[in-house]
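One structure below.
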Amino acid sequence: MSAAWAAARSAFRLKVLPRSLVSGGVILGLSLVLALWPSLLAPYDPTAFDYSALLAPPSWAHPFGTDNFGRDVFSRVIHAYTIDMQIAIFATIGPFIFGTIVGAFVGYAGGISEAIFGRIVDATITFPFLVLVIAIVSVLGPGLGNMYVAVGVVGWVFYARLVAAEIKVQKRLDYADAGRVMGYTPLRIIFRHLLPNAITPAIVYWMTDMALAILLGSSLGYLGLGAQPPAAEWGVQIADGKNFMNTAWWISVFPGVAIVLTGLGFSLAGDGVADLLRVRR
Amino acid sequence: MNATLPILSIDGVSKRFRGPYSLMRRLKGEPPLIVHALNNVTLEVHRGETLGIVGESGCGKSTLARCLVRLHEADAGAVRFEGKDIALLRGDARRAFNRRVQMIFQDPYGSLNPRMTVSQILGEALFVHRMRSKPEIPGRIAELLDLVRLPQDAAARYPHEFSGGQRQRIGIARALAVEPDVIVADELVSALDVSVQAQVINLLLQLQSRLHLTVVFVAHDLRLVRHISHRVAVMYLGQVMEVNTSEGLFTAPRHPYSKALLEAAPELDPGQRNRKVALRGELPSPLNLPPGCPFAGRCPNVFDRCRTERPLLSPRGRGQFAACHLTDFGTPAPNANDPTGLLLP
Amino acid sequence: MAMSANMGPNGNTGGNENAGLVVRGLTTTFDTPRGLAIAAADVDFDVAPGEIVGLVGESGSGKSVTLRSIMGLIRKPGRTTGHVDWRGRDLVAMSAEELRRIRGSEIAMIFQEPMTALNPVLPVGMQIEENLIAHTTLTARQRRSRALELMNIVGIPAAERRLDEYPHQFSGGMRQRVMIAIALACSPKLLLADEPTTALDVTIQDQILKLLLDLRDRMAMSVVLVTHDLGVVAATCDRMAVMYAGRIVETGTVAEVFARPRHSYTRGLLGSVPRSGTSRTMLQSIEGTPPSLTNLPTGCAFHPRCSFATDMCLKERPVLEAVTSPTRTVACFHHERVAAAEAIL
Amino acid sequence: MPLFSFVIRRLLQMIPTVIFILIVTFILVRLLPGDPASAMLGDRARDADVERINRQLGLDQPVVVQFFYFVRRVVTGDLGNSIGLKVSVSSLILQRLPVTLMLTGMSALIALVLAVPLAFVAASKRERLPDSIIRGAFQMGLSMPVFYVGIVLLTVFAAQLKLFPVGGYGDTLGDRLYHLFLPALTLALSFAAVLMRNLRASIIEVMNAEYVDFATAKGLRSRVILFRHILRNALISTVTLFGLQIGTLLGGAVITETVFAVPGAGRLLIDSIYGRDYPVLQGLTIALAVLVSLTFLITDIVQAWLDPRIAR
Amino acid sequence: LERGGTLTYGRYADSLFLDPVLNDANVDIWILSNLYDTLLLPTDDGKGVQPGLASEYKLADDGMNLTLTLRDGVRFSDGSPITPADVAWSLKRAAKKDNGIWGFMIESIDDVTIEGDKSILIKLKHPDPAILAALTVFNTAILPQKQFEASPGATDEEKAKAFAEHPIGSGPFVLKSWDRGSSMKLVRNEYYWAKGEDGQPLPYLDGINFELIPDDATRILKLTSGEIDGAEFIPYSRVNELKSSGNLDMELFPSTRVAYITLNVRPQLGGKDNPLSNPKVRQAMNFAVNKEAIIQIVTHGVGKPQTSYMSTATPLHVGDKPLYPYDLDKAKVLMKEAGFEEGFSTSILVLAGNQDEIAASTALQQMWAQIGIKLELQQVDNPTRTQQYRDGTFVMRNAAWTDDIADPNEITSYFVYSKTIDALHTGWKSDEADQLFEASQKEMDPKKRAEQYARMQEIYNAEGPTVPLYETPYPVALSKKVHGFLQIPLGNNIFAKTWKEK
Ligand SMILES: Nc1ncnc2c1ncn2[C@@H]1O[C@H](COP(=O)(O)OP(=O)(O)OP(=O)(O)O)[C@@H](O)[C@H]1O
Ligand SMILES: Nc1ncnc2c1ncn2[C@@H]1O[C@H](COP(=O)(O)OP(=O)(O)OP(=O)(O)O)[C@@H](O)[C@H]1O
Ligand SMILES: [Mg+2]
Ligand SMILES: [Mg+2]
């Protein structure tokens with residue numbers, strides 16, 4: 001009896017995804033739904049003014065209160081999912097892909113390319129990231145598009161570094177040699193064999209990076225270099241509410257909660273993905 | 001010696017690796033440290049035979065095996081496949097060579113891409129070398145699985161779902177997929193359990209006779225090498241110390257090192273115990289090779305010449321070669337004065 | 001609990017200095033995501049003072065877990081039950097502090113991998129002296145000279161200098177010696193050696209095994225020697241126990257077991273090893289693969305791979321029982337048939 | 001000796017990095033729209049004034065020429081004068097950088113003090129309630145924008161509880177430490193979260209290492225095992241991360257210094273971007289690059305000291 | 001009244017350069033009067049002139065000569081006497097062409113001569129109705145010639161740099177130490193000439209500590225926690241909150257500050273026709289702006305609607321009704337008349353991170369949307385904006401203005417007169433206004449000059465290139481213990497008569 005039970009349990013457990021992936025996935029899934037269809041939940045137009053309800057505290061009509069324009073904070077927080085999830089994805093996908101490809105080549109080729117890349121890495125991590133991004137955004141002009149470019153110019157290095165390091169490990173393993181002995185081309189070995197095994201840290205980092213991108217987006221929004229008003233974006237909202245911390249805390253607190261929650265989602269998902277992709281040997 | 005052309009010949013191959021090169025050495029203008037992994041190795045592999053290669057860890061067995069399949073390029077000397085120097089092969093010729101000389105690796109866990117299923121692993125080999133047309137590939141995969149005695153449902157599974165022995169069979173199947181002439185097996189079974197080792201060895205023996213394979217069998221387990229090989233080469237510190245037929249080596253080793261190696265291996269018979277240490281000391285570092293015989297430091301029969309002059313591999317009759325100044329070492333002569341001859345039963 | 005018949009040479013378990021180690025019903029389980037893994041089940045065996053007992057079995061059969069359970073090294077999610085009587089006191093029931101005092105002083109352990117068992121960031125001298133600090137009142141100077149002495153005992157040249165070096169500066173054989181030196185630091189009465197030579201070359205293995213024999217003689221120490229190499233057992237041990245899937249399936253003196261194995265698994269093990277004069281013949285392999293510990297076959301765990309198996313083996317689990325003498329035990333319904341089967345070779 | 005060669009090698013490696021950064025900065029700042037004169041003079045400037053000032057600053061020359069002059073001066077150790085503040089850049093850097101160093105140093109310290117013990121607790125109570133609480137809390141620290149954390153800490157600890165001063169920098173050393181505590185804490189939170197995460201993972205890994213079992217088998221006391229065997233090994237990988245994060249920490253200082261009115265280099269950097277104060281921006285970038293490189297060097301040395309396998 | 005004590009004052013930004021002539025920014029200008037003294041001083045309402053270092057002054061009837069008499073016994077802060085030579089040298093330095101950017105205010109000065117041991121004669125190139133007001137402005141401050149010239153450096157600029165590190169002036173305070181970017185400490189000038197209510201020399205305070213706290217929230221926190229005694233630039237959103245707090249005085253000092261949107265009215269912009277060049281469009285945009293709403297949203301009721309482009313605190317201001325009362329219908333009609341019934345898309349430059357500008361622009365975006373104008377906000381940093389502004393390539397921008405001189409000529413020269421900076425770089429030009437301005441610069445008859453200014457305001461307010469938003473006072477919060485602090489409409493922080501309860 002108990003043996004049957006144990007067998008059933010083990011079968012069940014095996015199919016089950018890592019717990020953190022499930023909880024992270026649920027948070028992110030919901031976020032994505034809100035990002036795609038914010039009007040499902042948001043009762044008001046996020047940019048509509050209401051002069052009769054400036055700085056109104058949370059109430060049934062406005063669950064998160066209103067801001068200094070009388071805009072519904074709840075609707076703004078919800079609508080901000082669209083922009084912030086977009087930031088999370090767009091600011092990181094380019095660096096992820098480009099960095100992964102560069103990292104794969106550098107890690108495989110080694111030698112001079114590795115030395116050059118090493119200096120680029122040094123320079124990049126030596127330069128305060130935020131400052132560099134600010135400078136680049138200042139050159140290109142504010143706005144999300146340019147922010148993606150700025151983040152991408154710097155961000156790919158980290159992916160490339162992770163992938164290169166992992167490829168260096170992987171290329172010494174027997175299965176890589178096996179590929180060479182089979183007469184496979186380097187391209188096939190890199191992309192068909194090594195990369196799938198080397199990319200896990202990059203994917204895990206990607207999860208974290210998406211959370212970081214939202215934070216960076218907020219910081220830039222706060223500095224006025226990210227999303228442009230009247231768009232609802234959490235960083236912009238926090239910046240909007242900064243002067244009202246004492247009198248209307250709800251303007252900045254709720255977007256703050258949203259940031260933390262989404263960050264948590266990404267981080268849990270990252271842990272989960274790491275679990276899921278761990279090579280079983 | 002066999003008059004026919006050897007399928008693989010190794011002709012004075014040397015391989016060096018660059019060791020750590022500290023700034024201190026650079027500043028002093030000293031050259032980087034060099035690991036002498038192979039020194040002037042000469043060997044022949046004949047069609048259809050199994051050549052065993054034994055030696056202690058770090059003596060260069062794997063390096064040699066890798067030179068054979070061109071995972072390493074030799075620094076000096078040449079490896080010839082059917083008389084052609086493999087270092088000169090380019091493009092299609094190189095691919096053809098790669099197809100015909102395959103390698104199987106030691107680590108059953110590391111040698112298979114963990115993210116590919118068995119059918120992907122085998123299918124890729126078949127596809128890249130155009131061994132079969134696309135629709136025929138699944139059938140061929142089934143045949144291969146059958147050949148290495150894996151169940152058919154193995155095709156859809158990932159390496160981690162198999163035991164070590166099964167994985168080695170997948171490795172063998174991958175090598176066989178391209179229908180090679182030569183298989184270089186580097187420590188094929190050392191990572192496996194005794195009971196499973198036997199399965200894989202049996203499989204290799206069967207396949208060899210069925211497919212007329214030539215096998216280079218690299219291992220450190222003397223019992224295994226003796227069991228499977230026609231001829232055996234004993235290596236020490238990047239050099240071949242002795243080449244002998246399997247029986248010849250085990251009954252009358254012609255090199256003191258071979259003898260010590262045999263003595264050190266524990267006998268399976270509890271009645272044959274002894275308390276004498278077979279060989280003292282350890283393998284010296286390949287970073288700075290001694291000028292004379294590499295074994296001089298540990299050899300019980302050492303004399304002055306050994307320390308200054310490196311003995312060359314020279315014939316000892318009946319297909320035997322040894323690199324030792326004691327040319328009559330191990331001769332099965334009834335000469336009672338020879339202290340080294342008494343070992344043989 | 002099935003054990004009463006097997007009390008070993010020191011059947012009296014009363015607390016006395018000469019009792020040695022008496023293991024009874026030692027069971028260790030792990031709660032894994034795949035279910036409960038019974039890594040060691042009902043393990044019974046004894047070790048008399050001065051005796052070397054070999055523990056053999058294939059990978060994953062629970063040899064290391066047994067040793068670790070004796071030392072109380074099983075961590076969550078693992079759990080150990082049963083009795084380990086050391087000189088009359090039960091180690092399993094002992095308080096952590098009492099156990100700590102015994103570990104490293106009366107009972108010492110050598111680990112399988114000298115590479116990973118030594119702390120890479122501490123000089124080896126420190127790692128030896130640590131043991132002395134924990135269990136003796138020696139002064140720093142005395143500790144240092146004891147460490148030097150130990151290095152000499154295990155045969156590490158230039159000990160004075162090497163004490164300050166780090167593990168990575170030692171070769172594999174030297175590291176294993178360092179580990180032995182650490183284990184010997186407080187002159188233990190029992191040495192648990194977990195595959196001390198598996199990672200080493202034959203010549204080094206030979207040196208280390210001979211060293212162990214020497215030490216046993218000089219210090220009247222008992223040794224449990226875990227290995228999967230039957231040759232090592234044949235060359236070193238007095239008695240042996242064979243494990244399969246977490247259970248001991250056969251015990252006896254080495255000579256008895258080698259001459260006439262009474263368990264089909266033992267028989268298979270002996271058959272899988274190539275012997276002289278069997279060149280290029282099929283080996284007697286044990287077909288199939290070892291079972292998963294979370295999903296053991298019913299009845300005798302070995303029955304799916306056993307050529308002697310009958311319906312009974314499928315339904316009922318044989319217990320370990322004394323056969324010809326109190327120290328000759330086997331867990332097989334058909335041990336007479338196995339013993340009578342034609343000799344291996 | 002090995003350490004010495006190691007240090008020399010690393011120092012030599014810094015040179016191309018610094019040159020690379022120098023070029024990038026130089027080009028980047030000149031790509032920024034707007035010039036120092038407009039930045040300085042603001043809306044009321046007339047064209048003639050702007051031109052005059054740009055001429056005085058040599059900004060009418062081609063960029064290559066400017067770069068040449070700049071490098072020539074840097075080689076002689078002269079970083080030039082600030083355009084906006086009208087003092088020498090080196091004196092500015094000497095005045096501001098130590099503040100930021102102290103701030104980052106303190107926050108690194110606080111991060112360690114927070115992360116190390118809690119990582120131990122989390123690792124040993126792995127997957128249980130304390131672990132979840134600790135990880136959750138640190139995750140929050142990681143997910144909150146720095147400026148937000150700063151304002152919250154200020155409001156609670158300085159304004160409400162009056163435990164700390166509201167920003168500023170002090171005069172005496174003790175006073176400064178006291179002033180810098182809250183900003184350092186703000187910076188430390190996300191840093192601690194990253195450290196904790198990494199340390200927890202490596203502690204778990206080290207705890208499962210064979211040498212820890214071997215140490216237990218030697219009969220060592222658990223305290224000895226913890227400190228001598230586990231902590232030291234777990235710190236090795238964390239030290240690298242620690243070094244890498246210093247750059248990030250300096251980046252975070254930019255915002256923290258503004259929120260807490262700390263007159264540090266981070267704020268100077270931002271001001272110099274907004275003020276198009278090229279000499280300050282360039283000088284400061286070099287200083288920071290050298291500094292961060294030195295930090296890497298130091299962490300490498302610490303790591304080499306912790307891990308004898310490295311410096312061969 | 002209590003003497004003594006040090007006042008700690010929180011500033012939003014640090015000073016850059018403490019030379020009266022060569023400085024560029026308000027952060028310097030607004031505190032310079034504490035270190036340096038001018039011959040004449042602005043009255044507290046910022047509209048008039050009163051004696052300063054000069055106890056008497058007399059403008060000749062033809063308006064071509066000005067005679068000033070130095071006050072008895074006035075000294076610099078190092079104790080040396082102030083001589084007419086110092087005065088003449090200082091004024092000539094200030095008036096020298098290309099010396100700094102403020103020279104335009106005294107461009108009428110032709111020569112300065114010493115008349116005896118007390119008097120100075122200023123000869124003008126042409127009659128200048130604003131000359132007296134100009135002599136209250138910071139750049140005409142009197143410096144000690146000898147000490148200045150003894151400063152290291154070859155050029156005037158280098159000497160000024162060195163001198164300004166330890167400036168010697170005759171203001172009520174002396175610079176004691178300056179930790180750039182952090183704090184600036186002033187102590188009282190023992191030699192200051194003015195007397196307090198108690199008959200003793202001013203100032204009352206022993207010193208002032210300026211602390212630099214750029215973050216608004218932090219500055220207020222420091223004030224409420226009692227760490228500082230006063231804080232400038234209180235965000236409007238916090239004014240009402242601080243007004244109701246018990247231990248603070250929330251002061252709203254009348255100012256000349258106006259906030260407005262500048263529109264580029266060139267006919268072509270970026271190769272396309274520019275709708276903003278049409279006066280009807282500009283009027284429509286003006287009518288479409290609900291100023292009351294903006295004042296609520298941005299200034300939280302602190303500001304008031306503008307009645308002319310110049311603030312009510314500027315001399316010769318006219319107008320008592322808010323410009324362009326909110327009238328959406330009229331706006332729509334005007335748009336239709338202008339041919340923009342469908343509206344158009346346009347953009348506005350906003351200073352990145354500036355909450356007031358963001359709020360105002362966001363509100364404008366909404367309001368103008370109602371007449372079909374789609375407004376895009378572009379946040380940029382200051383130099384970027386300034387460059388686009390100066391190049392005349394911007395479309396619209398947020399802006400604010402404060403006077404430096406107690407005369408309407410400064411603001412009018414920038415806003416209206418096309419030859420200064422193209423009327424705020426907008427490309428707007430009215431020949432009539434230009435002529436009026438030129439005439440008013442020499443018009444010595446106050447009544448006539450007032451008429452000229454009334455007309456100029458009429459023209460500009462009707463079709464000028466700006467959208468006036470609001471005028472606001474200077475919000476300064478002070479501890480209840482602080483008395484007698486004054487920020488005059490020109491922005492100058494006057495600490496001379498400030499005192500602090502113990
Ligand atoms: N890629 C490499 N770079 C530097 N040194 C190498 C490299 N590969 C092998 N070596 C060195 O060459 C020598 C021979 O190595 P090799 O792997 O051939 O030995 P082996 O006989 O196969 O040993 P094992 O039994 O341990 O596999 C060793 O000293 C090894 O350290
Ligand atoms: N901490 C653990 N958690 C779960 N399962 C474990 C743990 N430790 C050991 N096991 C399981 O217990 C079984 C016995 O392992 P053990 O290490 O004792 O094998 P062994 O006989 O020593 O094998 P080897 O020859 O490979 O050392 C294995 O199946 C292993 O997977
Ligand atoms: Mg090898
Ligand atoms: Mg084991």
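Chain A is the first sequence line, chain B the second, and so forth, proteins listed ahead of strands; every chain is numbered from 1.
Within the 4.5 angstrom heavy-atom criterion, no atom of Gln388(E) approaches chain D. At a 4.5 Å heavy-atom cutoff, the contact between Arg397(E) and chain D is made by side-chain atoms alone. With a 4.5 Å cut-off on non-hydrogen atoms, Lys161(E) touches chain D through its side chain but not through its backbone. Neither the backbone nor the side chain of Val262(D) has a heavy atom closer than 4.5 Å to any heavy atom of chain E. Looking at Glu410(E), only its side chain comes within 4.5 Å of chain D, counting heavy atoms on both sides. Looking at Leu221(E), the atoms closer than 4.5 Å to chain D (heavy atoms on both sides) sit in the backbone and in the side chain alike.
Taking CD of Gln387(E) as the reference point, atom CG of Leu32(D) lies at 10.5 Å (rounded to 0.5 Å). Atoms CG and CD1, from Leu16(E) and Ile83(D) in turn, are 12.5 Å apart once rounded to the nearest 0.5 Å. To the nearest 0.5 Å, atom CZ of residue Phe260(D) and atom CG of residue Asp215(E) are 9.5 Å apart.
Contact detail for Leu154(D) and Thr218(E): the closest heavy-atom pair is CD1-OG1, 3.5 Å. Contact record, Gly181(E) with Pro263(D): O-CB, 3.2 Å, taken as the closest heavy-atom pair.
Inter-residue side-chain proximity for Arg52(D) and Ile101(E) is flagged as met; some heavy-atom pair is nearer than 4.5 Å. At least one side-chain heavy atom of Lys162(D) sits under 4.5 Å from a side-chain heavy atom of Ser225(E). With contacts defined as side-chain heavy-atom distances shorter than 4.5 Å, the pair Pro165(D)/Lys222(E) does not qualify. At a threshold of 4.5 Å between non-hydrogen side-chain atoms, the residues Leu212(E) and Arg267(D) count as touching.
The stretch residues 274-281 of chain D places Tyr274(D), Arg276(D) near chain E, each with some heavy atom under 4.5 Å from a heavy atom of that chain. Of residues 89-103 of chain D, those residues lying under 4.5 Å from chain E by any heavy-atom pair are Gln95(D), Arg96(D).
In the displayed structure, Phe104(E) atom CZ is contacted under 6.0 Å by more than 12 heavy atoms of other residues, nucleotides or ligands. More than 12 heavy-atom neighbours from other residues, nucleotides or ligands sit within 6.0 angstrom of CE on Met106(D).
Heavy-atom pairs under 4.5 Å with chain D peak, among Asp14(E), Thr224(E), Asp179(E), at Asp179(E). Ranked by heavy-atom pairs under 4.5 Å with chain D, the list Gly100(E), Ala217(E), Ala13(E) is led by Gly100(E). Put simply, of Asn382(E), Asp422(E), Thr402(E), the one with the most heavy-atom pairs under 4.5 Å next to chain D is Thr402(E).
Applying the salt bridge (charged side-chain N to carboxylate O under 4.0 Å, His left out) test to every pair with at least one member in residues 382-392 of chain E, sequence neighbours left out, gives these pairs: Asp35(D)-Arg390(E), Asp47(D)-Arg390(E), Glu357(E)-Arg385(E). Applying the ring pair (Phe, Tyr, Trp, His ring centres under 6.0 Å) rule to pairs touching residues 57-85 of chain D yields Phe26(D)-Phe67(D), Phe26(D)-Phe70(D), sequence neighbours excluded.
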